A.B. asks: 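This is the structure I have questions about; it appears just below.
If you're wondering where the values come from, they're calculated on a predicted model, not measured in any experiment.
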Number of protein chains: 2
Amino acid sequence: MSDPLLHGELVDASKRYTSTLAPGHIAVEPRRQLAIVSCMDSRIDLFGLLGLEIGDAHMIRNAGGVVTDDVIRSLSISQRLLNTEAILLIHHTDCGLQKVTDDSFKDLLEESSGVRPPWAVEAFRDPYSDVRQSIGRIRNSPFIAMKEAVWGYVYDVDTHQLVPVD
Amino acid sequence: MSDPLLHGELVDASKRYTSTLAPGHIAVEPRRQLAIVSCMDSRIDLFGLLGLEIGDAHMIRNAGGVVTDDVIRSLSISQRLLNTEAILLIHHTDCGLQKVTDDSFKDLLEESSGVRPPWAVEAFRDPYSDVRQSIGRIRNSPFIAMKEAVWGYVYDVDTHQLVPVD
């Protein structure tokens with residue numbers, strides 16, 4: 001660990017944060033009826049970027065922001081149990097998944113662990129094409145009921161612009 | 001859609017946000033060498049809660065904050081490609097996944113779509129037990145190399161407290 005004090009530092013920060021919030025119940029159903037699917041990338045602050053408040057939207061994030069079966073699981077729970085209707089996909093430039101292939105990363109894991117992962121790595125070259133691929137997976141899923149409002153964007157991590165995907 | 005203007009409103013917000021940031025490259029590797037796994041819940045703002053800056057940590061989020069195969073995929077990419085070493089798990093009170101069972105939610109999807117999902121719903125009763133379950137899945141995965149620093153918490157959405165899981 002580069003920072004052995006990290007754990008305590010995060011807990012201290014949470015105490016300062018919670019002291020600024022008034023206790024009280026906010027509904028579990030997102031106020032804006034919105035679910036966002038985005039990459040885990042450390043440079044994407046969805047609250048700041050989209051001007052969201054606590055309670056506004058579900059935030060689903062994984063390596064790449066790729067629509068996997070686990071994202072379909074999360075979106076189906078978001079829509080069927082918690083009344084969201086719109087889906088916003090945000091991939092980004094300079095993604096770690098653009099720097100490997102499925103084969104090369106599986107080789108790496110197999111060499112170090114002895115086990116080849118049974119799942120797809122979801123490597124990709126072009127974030128715009130990958131957003132279109134993810135939208136296609138949503139459109140093809142029987143478990144996503146609301147597909148009228150599905151919007152795709154690529155976030156440029158250097159210019160901080162959100163670019164729409166046609 | 002409850003709010004037909006939502007899409008344009010979010011894009012406008014992103015333009016205001018990006019105008020406040022200086023363009024410039026921040027490294028893809030998280031500065032704090034930290035990956036956070038949390039629920040998609042709309043009431044959890046990880047930047048605010050943990051006092052994080054842009055570039056600090058990966059944020060992996062799904063329904064429940066449960067460690068699924070897709071989370072293992074994301075964590076393996078986070079550690080092997082992007083040098084994170086610590087993992088922080090945050091589940092929370094009042095989760096939608098506490099209000100269903102795997103069977104009842106699969107029945108619901110099957111009734112409306114005709115297709116029974118081939119994946120686990122990952123419903124749970126107690127968030128503390130579920131954090132322990134997720135830590136166990138990390139400890140048992142051959143694809144996660146760094147397991148020394150794995151910390152579990154439950155976020156209370158009403159009191160805003162972060163409670164450690166033993």
A.B. asks: Just verifying a value: how many Å separate B/R80 CZ and A/L109 CG, rounded to the nearest 0.5 Å?
C.D. replies: 5.5 Å
A.B. asks: At a heavy-atom separation under 4.5 Å, does B/D45 approach chain A through its side chain, its backbone, both, or neither?
C.D. replies: both
A.B. asks: Which one, B/L21, B/V100, B/T20, leads in non-hydrogen pairs under 4.5 Å with chain A?
C.D. replies: B/L21
A.B. asks: Applying side chain to side chain contact (heavy atoms under 4.5 Å, CB included), run through A/N62 and B/N62 and close with a yes or a no.
C.D. replies: CA-CA 8 Å; A/N62 66 14; B/N62 67 13; over 6 Å; no
A.B. asks: Atom CD in A/E111, atom NZ in A/K106: separation rounded to 0.5 Å?
C.D. replies: 14.0 Å
A.B. asks: Can you measure from CZ (A/R132) to NE2 (A/H91) and round to the nearest 0.5 angstrom?
C.D. replies: 11.5 Å
A.B. asks: As an exercise: rank A/P30, A/A57, A/C39, A/G96 by heavy-atom pairs under 4.5 Å with chain B and give me the winner.
C.D. replies: A/A57
A.B. asks: When rounded to the nearest 0.5 angstrom, what is the spacing between OG in B/S19 and CZ in B/R16?
C.D. replies: 9.0 Å
A.B. asks: Using the rule that two of Ile, Leu, Val, Met, Phe, Trp, Tyr join whenever any of their side-chain heavy atoms come within less than 4.5 Å, decide whether A/M40 and A/L46 are in one cluster.
C.D. replies: no
A.B. asks: Got a donor-acceptor contact below 3.5 angstrom from the B/S74 side chain to the A/A63 backbone?
C.D. replies: yes
A.B. asks: Partners of B/R73 by side-chain hydrogen bond (donor to acceptor under 3.5 Å, both in side chains), sequence neighbours excluded?
C.D. replies: B/D70
A.B. asks: Given that the side chain runs from C-beta out, which part of B/F105 has a heavy atom under 4.5 Å from chain A: side chain, backbone, both or neither?
C.D. replies: side chain
A.B. asks: Please name all residues satisfying side-chain hydrogen bond (donor to acceptor under 3.5 Å, both in side chains) with A/R43, sequence neighbours left out, ordered by chain then number.
C.D. replies: A/D41, A/D94
A.B. asks: Could you check which of B/L34, B/V28, B/V157 has the highest count of heavy-atom pairs closer than 4.5 Å to chain A?
C.D. replies: B/V28
A.B. asks: Heavy-atom distance under 4.5 Å to chain B: side chain of A/A145, backbone, both or neither?
C.D. replies: neither
A.B. asks: By a 4.5 Å heavy-atom criterion (distance strictly below it), what part of B/L75 contacts chain A: side chain, backbone, both, or neither?
C.D. replies: neither
A.B. asks: With chain A as the partner, which of B/A27, B/A35, B/S141, B/S38 has the greatest number of non-hydrogen pairs under 4.5 Å?
C.D. replies: B/A27
A.B. asks: Using a cut-off of under 4.5 Å on heavy-atom pairs, state which of B/T18, B/L49, B/L50 scores highest against chain A.
C.D. replies: B/L49
A.B. asks: For A/S14, is it the side chain, the backbone, both or neither that has a heavy atom under 4.5 Å from a heavy atom of chain B?
C.D. replies: both
A.B. asks: Let's go through A/I72 and A/V67 carefully: what are the C-alpha distance in whole Å and the side-chain angles of both, what is the deciding distance for side chain to side chain contact (heavy atoms under 4.5 Å, CB included) to 0.1 Å, and is it a yes or a no?
C.D. replies: CA-CA 7 Å; A/I72 294 291; A/V67 172; 3.7 Å; yes
A.B. asks: Do A/T84 and A/R32 have side-chain atoms, one donor and one acceptor, less than 3.5 Å apart?
C.D. replies: no
A.B. asks: Go through the atoms of A/D69 and report whether side chain, backbone, both or neither lie under 4.5 Å from a heavy atom of chain B.
C.D. replies: both
A.B. asks: Name the region of B/S76, side chain, backbone, both or neither, that has any atom closer than 4.5 Å to a heavy atom of chain A.
C.D. replies: both
A.B. asks: Check salt bridge (charged side-chain N to carboxylate O under 4.0 Å, His left out) between A/D130 and all other residues, then give those that pass, not counting sequence neighbours.
C.D. replies: none
A.B. asks: Quick check on B/A22 against chain A: is it the side chain, the backbone, both or neither that has a heavy atom closer than 4.5 Å?
C.D. replies: backbone
A.B. asks: Is it the case that B/Y155 and B/H160 place a side-chain donor and acceptor less than 3.5 Å from each other?
C.D. replies: yes
A.B. asks: Tell me the residues of residues 113-127 of chain B whose non-hydrogen atoms fall below 4.5 Å from those of chain A, in number order.
C.D. replies: B/S113, B/V115, B/R116, B/P117, B/P118, B/W119, B/A120, B/V121, B/E122
A.B. asks: Give the member of A/G51, A/P164, A/P142 that has the highest number of heavy-atom pairs under 4.5 Å with chain B.
C.D. replies: A/P142
A.B. asks: Is it the backbone or the side chain of A/I36 that comes under 4.5 Å from a heavy atom of chain B, or both, or neither?
C.D. replies: neither
A.B. asks: Rounded to the nearest 0.5 Å, what's the gap from NZ on A/K99 to CG on B/L82? Could you check?
C.D. replies: 7.0 Å
A.B. asks: Any side-chain heavy atom of A/R31 within less than 4.5 Å of one from A/D56?
C.D. replies: yes
A.B. asks: Let me know if A/S78 has heavy atoms under 4.5 Å from chain B in its side chain, its backbone, both or neither.
C.D. replies: both
A.B. asks: Which atoms of A/K15 come close to chain B, meaning under 4.5 Å heavy atom to heavy atom: side chain ones, backbone ones, both, or neither?
C.D. replies: neither
A.B. asks: Could you tell me which of B/L162, B/I26, B/L52, B/T159 has the largest number of non-hydrogen atom pairs under 4.5 Å with chain A?
C.D. replies: B/I26
